[in-house]
Amino acid sequence: MKVQVKMGVSAEGLFDSIASSVLYDAEQARGKKVPAKKLKAGFSYQKTLGSKLGGTQHVTTKITEFEPPYRYEASIVSSQGVNTVRYEIEPTSDGRAVSVCYEETYAGDKALNDLNGKLMGALYSPFAKRKIKKRLRDMETYIKEQEAHIRQDDPDRVGAEDAADHAAESE
């Protein structure tokens, strides 16, 4: 499944949001703080997920690509197969927005699991795409709110921007 969206945030802002989410997930799984410098290709952690049928499943998440602020890819390996999640982030020419390509794939460990995953993926794809687009829009809103909050809390930054604007107007 592939979803492409334009977002009104910086590549750095979006990538930082993805990285923060991964750190949080790793910390919840490990039960201890994970330093940000650990996030790189090859980093992995294990966690237990609840299933819809009431059981649990153990998965290993491994970062396979980590190229700030342009690419993030991780594989989630379970006893059923491998889910791969990928973000490709491309800034627009003015730097005020990004084009994001989110891609999720599944490869079953057995032919039957693979076929079942593809069938379910095709069946649920429209719903899943809407859910992913909503998640990306929610991330965009959150990032914008955080950036606005930072600007409000940093009067020097706002003052410097105002001074630059004022200087440009007086020329």
Side-chain angles (χ1 to χ4, degrees), residues 1-92 97-143 146:
M1 170 186 53
K2 196 175 206 178
V3 174
Q4 190 130 10
V5 176
K6 186 173 179 179
M7 299 172 69
V9 296
S10 69
E12 292 79 11
L14 178 58
F15 198 90
D16 287 351
S17 180
I18 294 167
S20 294
S21 178
V22 173
L23 274 175
Y24 178 80
D25 192 44
E27 289 170 0
Q28 293 301 302
R30 289 181 162 194
K32 62 181 180 179
K33 188 147 180 67
V34 176
K37 67 182 178 186
K38 288 256 188 185
L39 287 187
K40 57 186 172 186
F43 175 75
S44 66
Y45 58 96
Q46 296 179 346
K47 66 181 187 175
T48 303
L49 300 175
S51 76
K52 293 176 183 170
L53 301 175
T56 59
Q57 183 175 6
H58 301 285
V59 299
T60 300
T61 300
K62 182 176 183 179
I63 297 175
T64 51
E65 278 191 68
F66 194 83
E67 299 174 29
Y70 306 110
R71 250 176 305 294
Y72 170 82
E73 181 179 276
S75 294
I76 300 98
V77 181
S78 72
S79 60
Q80 307 296 304
V82 180
N83 260 31
T84 302
V85 173
R86 180 179 183 86
Y87 289 87
E88 290 258 352
I89 304 166
E90 188 174 316
T92 57
V98 292
S99 175
V100 181
C101 182
Y102 173 90
E103 192 170 4
E104 194 171 316
T105 57
Y106 174 76
D109 65 331
K110 298 176 188 161
L112 187 58
N113 286 343
D114 198 42
L115 181 61
N116 185 45
K118 287 182 169 106
L119 180 62
M120 295 307 282
L123 187 62
Y124 288 106
S125 181
F127 303 107
K129 284 183 178 183
R130 275 196 298 256
K131 190 175 179 180
I132 296 301
K133 284 180 182 179
K134 183 182 179 334
R135 184 183 319 145
L136 290 170
R137 292 288 169 231
D138 290 346
M139 288 171 72
E140 178 181 35
T141 300
Y142 178 79
I143 293 164
Q146 293 303 306

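With sequence neighbours left out, the salt bridge (Lys or Arg N to Asp or Glu O under 4.0 Å) criterion links K40 to no other residue. Taking the side-chain contact (heavy atoms from CB on, under 4.5 Å) definition, one finds that S20 meets it with nothing, sequence neighbours left out. With sequence neighbours left out, the salt bridge (Lys or Arg N to Asp or Glu O under 4.0 Å) criterion links E104 to no other residue. When the side-chain contact (heavy atoms from CB on, under 4.5 Å) test is applied to K62, the partners found at least two apart in sequence or on another chain are S44. For E73, the salt bridge (Lys or Arg N to Asp or Glu O under 4.0 Å) test picks out R86, with sequence neighbours left out.
Note: Q57 CD to S78 OG = 4.0 Å, rounded to the nearest 0.5 Å. Summarising the geometry, atom CD belonging to E88 is positioned 8.5 Å from atom NZ belonging to K2; distances are rounded to the nearest 0.5 Å. To the nearest 0.5 Å, the span separating CD1 on I18 from CD1 on I143 amounts to 7.5 Å. Note that OG of S21 and CE of M139 are 7.0 Å apart. Values are rounded to the nearest 0.5 Å. L136 contributes atom CG, which lies 11.0 Å from atom CD of Q4 (distance to the nearest 0.5 angstrom). Of the inter-residue distances, the one linking R71 atom CZ with C101 atom SG reads 11.5 Å to the nearest 0.5 angstrom.
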> Between Y102 and Y72, does a ring-ring contact (aromatic ring centres under 6.0 Å, His included) hold up when you go through it step by step?
Replying inline: CA-CA 10 Å; Y102 173 90; Y72 170 82; 10.0 Å; no
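The shortest distance between side-chain heavy atoms of I63 and L39 falls below 4.5 Å. Side chains of K47 and T60 form no contact here, defined as non-hydrogen atoms less than 4.5 Å apart.
The side-chain hydrogen bond (donor to acceptor under 3.5 Å, both in side chains) analysis of residues 26-37, with sequence neighbours excluded, yields no pairs.
By the neighbour-count criterion of 12 heavy atoms within 6.0 Å, atom CD of E90 is sparsely surrounded, having that number or fewer from other residues, nucleotides or ligands.
T92 contributes a side-chain N or O that, together with a main-chain N or O of A97, makes up a donor-acceptor pair within less than 3.5 Å.
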